[in-house]
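No experiment lies behind these values; they were computed from the predicted model shown. Sequential numbering from 1 along the given sequence is applied to the chain's residues.
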Amino acid sequence: MKFAGGRMPQQSTDKKCVNEGAWLGRTYSAEFTMPRDNVVARLEEAFPGTGTGDCGPICLVRYEEERRSTGQASVLELDVRYEGQDTARVKLQAYNT
């Protein structure tokens, strides 16, 4: 989460994180489940500087090509999929371009 410039949202469960980076680039992916209630606002709080993007039906994105004031990733994508009435599954991609 530090590389992505954020923190794990409160009440997150079923967490998985993978370092997919190679010698020239760093890429991290993570998945977690969290309460569905106010999911977008809670993700915006946990990952400052994100805003609505076009990476999925509900997604937040942050591009920091020149300034990396919040973490080391130059791109952060958070894709949200609802699972039932109470939970959401979030997929995070943080990488350098």
key: Leu60 vs Phe47, side chain to side chain contact (heavy atoms under 4.5 Å, CB included): CA-CA, chis, key distance, verdict   = CA-CA 9 Å; Leu60 294 103; Phe47 298 95; over 6 Å; no
query = Taking side chain as C-beta onward, heavy atoms only, is Glu45 less than 4.5 Å from Arg7?
reply = yes
request  = Using modelled atom types only, decide if a donor and an acceptor are shared between the side chain of Ser74 and the backbone of Tyr95 within a distance under 3.5 Å.
outcome  = yes
key: Value rounded to 0.5 Å, distance of CE in Met1 from OG in Ser12   = 8.5 Å
request  = Ignoring hydrogens and angles, tell me if any N or O in the side chain of Arg62 forms a donor-acceptor pair with the backbone of Pro48 under 3.5 Å.
outcome  = yes
inquiry  = If you count every heavy atom of other residues, nucleotides or ligands that lies below 6.0 Å from Glu83 atom CD, does the total exceed 12?
reply    = yes
ask   = Are Leu43 and Thr50 close enough, and set up right, to give a side chain to side chain contact (heavy atoms under 4.5 Å, CB included), and what steps lead you there?
value = CA-CA 8 Å; Leu43 287 171; Thr50 55; 5.8 Å; no
ask   = Hey, what do you get for CG (Leu92) to NZ (Lys15), rounding to the nearest 0.5 Å?
value = 13.0 Å
request  = Identify, with sequence neighbours excluded, every residue that meets ring-ring contact (aromatic ring centres under 6.0 Å, His included) alongside Tyr28.
outcome  = Phe3
Show every donor-acceptor pair shorter than 3.5 Å between a side-chain atom in residues 34-42 and any protein atom, with sequence neighbours excluded, or say none if there are none.
from, atom 1, to, atom 2, distance (Å)
Arg36, NH1, Gly84, O, 2.7
Arg42, NH2, Gln10, O, 2.8
Arg42, NH2, Gln11, OE1, 3.4

task = Apply side chain to side chain donor-acceptor pair (under 3.5 Å) to Asp14 and list each qualifying residue two or more places apart in sequence or on a separate chain.
result = Arg89
task = List the steps, then state whether side chain to side chain contact (heavy atoms under 4.5 Å, CB included) holds for Asp79 with Gln93.
result = CA-CA 9 Å; Asp79 181 44; Gln93 290 284 322; over 6 Å; no
task = Measure across Ala73 and Ala4 and return the closest heavy-atom pair with its distance rounded to 0.1 Å.
result = CB-CA, 4.3 Å
request  = Hey, could you give me the NZ/OG1 distance between Lys16 and Thr33, rounded to the nearest 0.5 Å?
outcome  = 8.5 Å
